[in-house]
Structures are given as structure tokens and as C-alpha cells.
Amino acid sequence: MRQIKTRFPPSPTGHLHLGGARTALFNWLFARHHQGVFVLRFEDTDRERSRPEFVDSIREALEWLGLHWDEGPYFQSQRLEIYREYARRLYEEGKAYYCACPPEELERKRKEALAAGRKPGYDGTCREKGLPPGPGRVLRLKVPPTGSTVVEDLIRGPVAFDHRELDDFILLRSDGTPTYHLAVVVDDLTMGITHVIRGDDHLSNTPKQILLYQALGAEPPRFAHVPMILGPDGQRLSKRHGARSILEYREEGYLPQALRNYLVRLGWSYGDQEIFTLEEMIERFDLSRVSRSAARFDPEKLLALNAHWLRATPLKELAEEVKPFLRRLGLPLPREDYLQAALATVQPRARTLKEAAEMLTFYLVEEVEYQPEAARKFLTPEIAPVLERLLRALEEVEFTDEALERLFRGMAEETGLKLKKIAQPVRVALTGKTVSPGLFEIMRILGRERVLRRLKRALNYLQGGAS
RNA sequence: GUCCCCGUCGUCUAGCCAGGUCCAGGACACCGGCCUUUCACGCCGGCAACGUGGGUUCAAAUCCCGCCGGGGACGCCA
């Protein structure tokens with residue numbers, strides 16, 4: 001069998017979003033699974049809306065997701081001659097014809113047809129005129145008026161389209177540039193694409209493209225139309241939710257592995273398995289397990305998966321990943337072993353790298369800032385004697401979790417206070433907050449000096465002194 | 001409007017092709033409990049779905065038809 005070849009063909013008119021990323025992922029996985037080739041191609045024939053910065057951001061997003069391409073990127077804008085050549089052939093063989101209908105008139109007819117409840121397609125006015133090429137003229141494909149074309153979809157099975165539903169669509173615009181249909185077909189053909197995996201919004205375009213392959217005397221590739229991703233409200237993805245750029249998720253502290261894991265399970269499943277490493281995805285991915293119904297984007301599940309992969313990331317790696325977020329918070333980067341030790345305590349609590357960085361704050365600042373509510377509730381005069389005793393004891397004690405815990409429990413017993421009554425004020429003194437990682441691990445990591453300093457400051461604060 | 005696709009817990013889904021083992025399984029979310037110095041993590045438990053009507057059959061989530069609902073396409077956008 002011929003080597004499998006898939007492609008991802010974004011148009012650089014916007015950032016890579018969830019829908020596009022999943023399409024890219026499926027194509028990439030399919031190619032990898034079959035030891036095939038994955039091609040990146042920019043469909044930038046829309047000169048009005050295509051922008052170079054989107055080319056860059058899409059490339060960056062794909063690379064960040066780990067979806068590296070083996071071939072390309074190709075740019076349709078650099079292949080215009082090839083499309084013209086194929087178009088010329090079609091014209092010369094009488095399979096396409098030039099049309100001189102003015103756009104305004106077509107628009108008028110379209111509206112009329114729609115209003116009258118008819119199909120809005122091109123009516124074939126110029127089909128038999130035998131017009132030569134000329135300024136303002138477009139090239140249209142002669143679609144057979146009868147019969148039907150069947151799309152043998154790998155996911156949906158055979159889908160038949162009656163030719164009466166199709167019209168003589170445009171191949172070459174009046175400025176000589178190719179339209180989408182001509183460009184994809186010629187590209188997929190000349191690039192040797194074997195499998196076209198794309199959103200099912202393309203399903204109804206497929207018969208047109210198959211007809212084009214036939215006109216060119218070529219064998220069409222295999223098609224697989226994957227269900228769309230809808231917003232949480234069941235509507236098409238919009239800026240509000242999932243149409244956010246993949247790169248924005250990176251900024252928010254999501255991990256590529258989490259995005260991949262979330263996306264692969266949107267429309268594809270492997271029994272009850274929810275968690276997939278990259279290797280597992282590649283090994284198990286196949287088109288037969290892709291579902292047929294549209295899926296809604298659920299930000300909560302993405303978050304949960306991110307938390308999972310955050311916990312699964314080795315500390316050394318996690319430290320590297322979190323550093324940019326610490327910098328962004330203006331926090332100093334500590335020694336590597338200190339960072340990793342601190343990170344270990346927030347790892348089970350943070351759901352994103354951004355959250356992790358925020359939780360690390362008290363480990364890194366010189367002086368913590370008390371949350372007003374926390375200070376009011378726990379940094380009260382009654383606790384002063386206990387803090388004083390603690391201060392003395394902490395001068396001596398070994399700074400291990402066990403010794404510290406023994407000390408605190410002993411203190412609770414001596415003073416007749418619940419451990420919680422002592423722990424919370426200390427927690428506030430050390431972190432400024434009522435919520436934090438375990439008290440003893442925090443103390444161990446902060447170290448004797450910092451702990452004593454923060455306790456003294458708290459003591460001073462609660463006795464009414466300036467902090 | 002026409003054509004096409006789709007329809008299992010709130011969400012993602014398993015099951016459907018090869019009808020009985022499904023009073024429908026898992027995950028996220030939610031609720032309760034355990035653990036516990038707070039919050040998480042972890043563990044235990046709970047809530048919760050076959051869109052609807054008909055048909056086929058001893059038996060239907062699974063097969064067939066209608067209806068309803070959702071989405072998509074119908075562009076000199078891709």
C-alpha cells in the first residue's frame with residue numbers, strides 16, 4: 001500500500017483555535033499511526049483576509065502542541081501557476097467554461113431564488129456560450145446535470161449527492177486566482193495526499209471536489225469528515241469560548257499534553273480510557289472510533305485534564321514550565337532545589353501553571369502581604385503567647401516535617417488548644433493566607449530563618465505595631 | 001427554502017454494525033463521606049441519560065419508517 005499522507009491546511013485568516021487544532025491533531029495522529037507523512041499547507045488564496053502574522057501564530061501553536069509537520073509548509077499563493085495550468089487543461093478539454101455574468105447579477109439571482117424558495121446555485125447562463133477567457137470572466141466547472149456522486153466517507157459511510165443539488169462552481173476567479181475547490185484538489189492531488197480528514201462542514205463540498213478529480217482524470221483521496229466542535233451553548237464556536245487561540249491557552253498555563261488529551265477525546269474514544277500519553281494516542285488512534293455527532297467544548301473538563309497532567313509532570317520539567325509565569329508575576333527565581341521543593345507542595349493544588357506560579361508567591365517574596373480577612377481572623381492578640389513560645393522552640397527544633405509536627409502537637413497539648421487554632425495563625429503569618437500547602441512542609445522549605453522572621457513580624461503586627 | 005449530517009446522564013463518551021449478559025458502564029461537573037493543620041490530592045458513596053411516535057421481534061439503546069430537535073452546506077471565503 002502507498003504511504004499514508006495527510007495534511008492540515010489552515011487559511012491564515014485567524015489564529016489556530018480548538019476546532020482547527022483538533023483537525024490537525026487527528027491528521028497528525030493518523031499519519032503517525034501509519035508511519036505516514038503529515039503536511040502543513042497554508043491556504044492563503046484569499047488575499048483580502050490572509051495575514052502573515054497568522055501564518056506565524058499557527059505555526060507556533062502547532063509546534064507548541066507538538067504537531068510537527070514532515071513536509072511544508074506550502075503556500076498556495078506561491079503555487080498559482082500550477083492551478084492555472086490545471087485550469088487551462090480543464091478549459092481546453094471542454095470540462096470547464098468561462099462565465100461573464102456580473103457578480104451583482106449573480107447576487108441578485110441568488111437572493112431572488114432564496115426568497116422564492118429555490119436553490120440559490122448558479123443557473124448556467126454562460127454554460128453553452130463557448131466564451132473565451134477574458135477580463136472579468138470566471139472559469140466554472142461543467143457539472144454533469146444528471147446522476148449523483150457518492151462520497152464514501154470513512155466515518156459516515158456512503159453519502160449520496162444528487163447532481164441537481166450542485167451547480168457549476170467557480171474554479172478561477174476573474175483575477176485569475178484559484179478558488180478553494182480548485183486549489184485543494186490540485187494541491188491534494190499533486191502532493192499525493194491519501195487521506196483528507198477535515199471538519200464535517202466540508203462534507204457537502206466533497207462531491208464537488210470528487211467531480212473535479214474526475215474531470216482531471218484522477219483518483220480522489222479517501223475522505224473522513226469528523227464532527228464539529230460546538231461551544232458550551234451548542235452554537236458554533238465563537239470568540240466568547242473555544243474560538244480562543246491555542247496560544248491563549250498556553251498563556252493561561254495549560255500544558256500541550258492536556259490540550260492534546262482533551263482534544264483527542266472530543267469525537268474519538270478508546271473504550272473507557274480517558275488519559276492518553278502521546279505514544280498511546282498514536283498507537284490507538286483510528287478513524288473507525290471517531291464519533292459522528294458534534295461535541296460541545298467543556299472548559300471544566302479541559303481544566304481537570306490540565307490538573308491531571310500537571311500532577312503527572314516531573315518536578316524538574318514543571319520547574320522549567322513555571323518559570324515564565326513566575327517572571328511574569330515579577331517574582332525572583334530561586335535556587336533550583338528550592339524551587340522544586342516548593343513546587344512539589346503546590347503541584348497537587350494547582351490546575352494551571354499560572355495558578356502554580358501564584359501559589360508559589362509566598363515562597364519567593366521577601367515579606368508576605370496579609371489578606372485582610374485572614375489577618376483579622378487569625379492574627380489576634382490571644383495567640384501572641386503561643387507564638388512567642390513557638391518562636392523560642394523553633395530556634396532549637398530540627399526543620400523536618402516530623403520534628404515540626406511533633407513540636408506543634410506538643411504545643412497544642414501544653415496550651416490545651418486545638419492544633420488548628422495554632423496552625424491557622426502560623427499559616428497566615430507565613431503565607432498571608434488561610435489556604436496553603438501543608439504547614440510543616442512549608443516551614444521546612446522556607447527554612448528556620450525566614451520562618452522566625454515572619455513569625456516575629458506577625459507578632460509585632462498583632463500587638464498593634466506597624467508591620 | 002433546498003440538500004446533507006447528527007440525536008445515550010448537565011458535558012465528553014462506552015454500548016449500536018454482529019438485538020437478549022444494559023432496570024445502560026466510565027470520565028468531568030455537582031452532592032455527601034473518609035483522610036486532615038487550611039486548601040487540594042487520594043479514597044468511598046450518591047444524583048443523573050437511550051429526543052418522540054409507530055413498526056419488526058419471544059425480546060430493541062441496538063433493526064426499519066415518520067416526526068421533532070440540533071448542526072452544516074448552498075460565496076469570485078476556506
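Chain letters run A, B, ... following the sequence lines, proteins first and then strands; every chain starts at 1. Computed from heavy atoms alone, side chains included, the values below leave out hydrogens, waters and symmetry copies. Predicted, not measured: the structure shown is a model, and the values here were computed from it.
- Across K418(A) and A412(A), no two heavy atoms sit closer than the pair C-CB, 4.4 Å.
- Note on L439(A): a base of the nucleic acid sits closer than 4.0 angstrom, heavy atoms only.
- Rounded to a whole angstrom, the distance from the C1' atom of G45(B) to that of U57(B) is 40 Å.
- Only the P atoms considered, C9(B) is 16 Å distant from G26(B), to the nearest whole Å.
- Counting non-hydrogen atoms under 4.0 angstrom, R292(A) reaches the backbone sugars and phosphates but no base.
- Only the C1' atoms considered, C31(B) is 34 Å distant from C68(B), to the nearest whole Å.
- R164(A) comes within 4.0 angstrom of no nucleic acid atom, judged by non-hydrogen atoms across all strands.
- When RNA chain B is scanned 5' to 3' for any atom under 4.0 Å from a heavy atom of chain A, the first and last hits are G1(B) to A78(B).
- When both distances must be under 3.5 Å, the Watson-Crick or G-U wobble mate of G1(B) is C74(B).
- As judged by a 4.0 angstrom heavy-atom cut-off over every strand, N205(A) is placed among the base-contacting residues.
- Residue contacts shown for H202(A) include a base, since a base heavy atom lies under 4.0 Å away.
- Nucleotides C43(B) and G54(B) place their C1' atoms 48 Å apart, quoted to the nearest Å.
- In this structure, R156(A) reaches the sugar-phosphate backbone alone: every heavy-atom distance under 4.0 Å involves primed, P, OP1 or OP2 atoms, never a base.
- The closest side-chain donor-acceptor pair between T125(A) and K109(A) falls under 3.5 angstrom.
- C28(B) and G71(B) have their P atoms separated by 29 Å, with the value rounded to a whole Å.
- For the residue pair Q76(A) and R79(A), no side-chain donor N or O sits within less than 3.5 Å of a side-chain acceptor on the partner.
- At the heavy-atom level, G267(A) lies under 4.0 Å from the strands shown only through sugar-phosphate atoms.
- Among the heavy atoms of the strands lying under 4.0 Å from V138(A) is at least one base atom, whether or not backbone atoms are also near.
- A 3.5 Å limit on both hydrogen-bonding distances identifies C31(B) as the Watson-Crick or G-U partner of G45(B).
- Judged as a side chain to side chain donor-acceptor pair (under 3.5 Å), and not counting sequence neighbours, the contacts of E53(A) are R51(A).
- As judged by a 4.0 angstrom heavy-atom cut-off over every strand, F161(A) is placed among residues touching the sugar-phosphate backbone only.
- Rounded to whole Å, the separation between the C1' atoms of A29(B) and G19(B) comes to 34 Å.
- Distance check on atom C1': C30(B) versus C77(B) gives 42 Å, rounded to whole Å.
- Ring orientation note: the planes of F297(A) and Y249(A) are nearly perpendicular, at an angle over 60° on the 30°/60° scale.
- In this entry U57(B) has no Watson-Crick or G-U wobble partner, no candidate having both defining distances under 3.5 Å.
- Where Y262(A) and L203(A) meet RNA chain B, the nucleotide closest to each residue was compared, and L203(A) sits on the side nearer the 5' end.
- Using modelled atom types and a 3.5 Å distance limit, the side chains of N306(A) and T352(A) yield no donor-acceptor pair.
- If K301(A) and D201(A) are placed on RNA chain B by their nearest nucleotide, the residue sitting closer to the 5' end is K301(A).
- Between F440(A) and F408(A), the ring planes lie perpendicular to each other; the angle is over 60°, past the 30° to 60° tilted range.
- Residue-level contact check: S293(A) touches the backbone only, with heavy atoms under 4.0 Å from sugar-phosphate atoms and none from bases.
- Seen from the ring of Y270(A), R289(A) counts as a face-on cation partner, given the 6.0 Å and 45° thresholds.
- In this structure, P227(A) reaches neither bases nor backbone, as no heavy-atom distance under 4.0 Å exists between it and the strands shown.
- Of all nucleotides present, none satisfies the Watson-Crick or G-U wobble test against U38(B) with each distance under 3.5 Å.
- Nucleic acid contact class of R198(A) (heavy atoms, under 4.0 Å, all strands): none.
- Using a 4.0 Å heavy-atom cutoff across all strands shown, L114(A) reaches at least one base atom of the nucleic acid.
- Nucleotide C68(B) forms a Watson-Crick or G-U wobble pair with G7(B), both donor-acceptor distances falling under 3.5 Å.
- Between A61(B) and U8(B), the two P atoms lie 15 Å apart (nearest whole Å).
- Contact annotation for S269(A): backbone-only contact, meaning every heavy-atom pair under 4.0 Å involves sugar-phosphate atoms and none involves a base.
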Donor-acceptor contacts, no H, no angles, side chain residues 140-147 of chain A, under 3.5 Å, sequence neighbours left out:
residue : atom : partner : partner atom : Å
R140(A) : NH1  : D168(A) : O            : 2.7

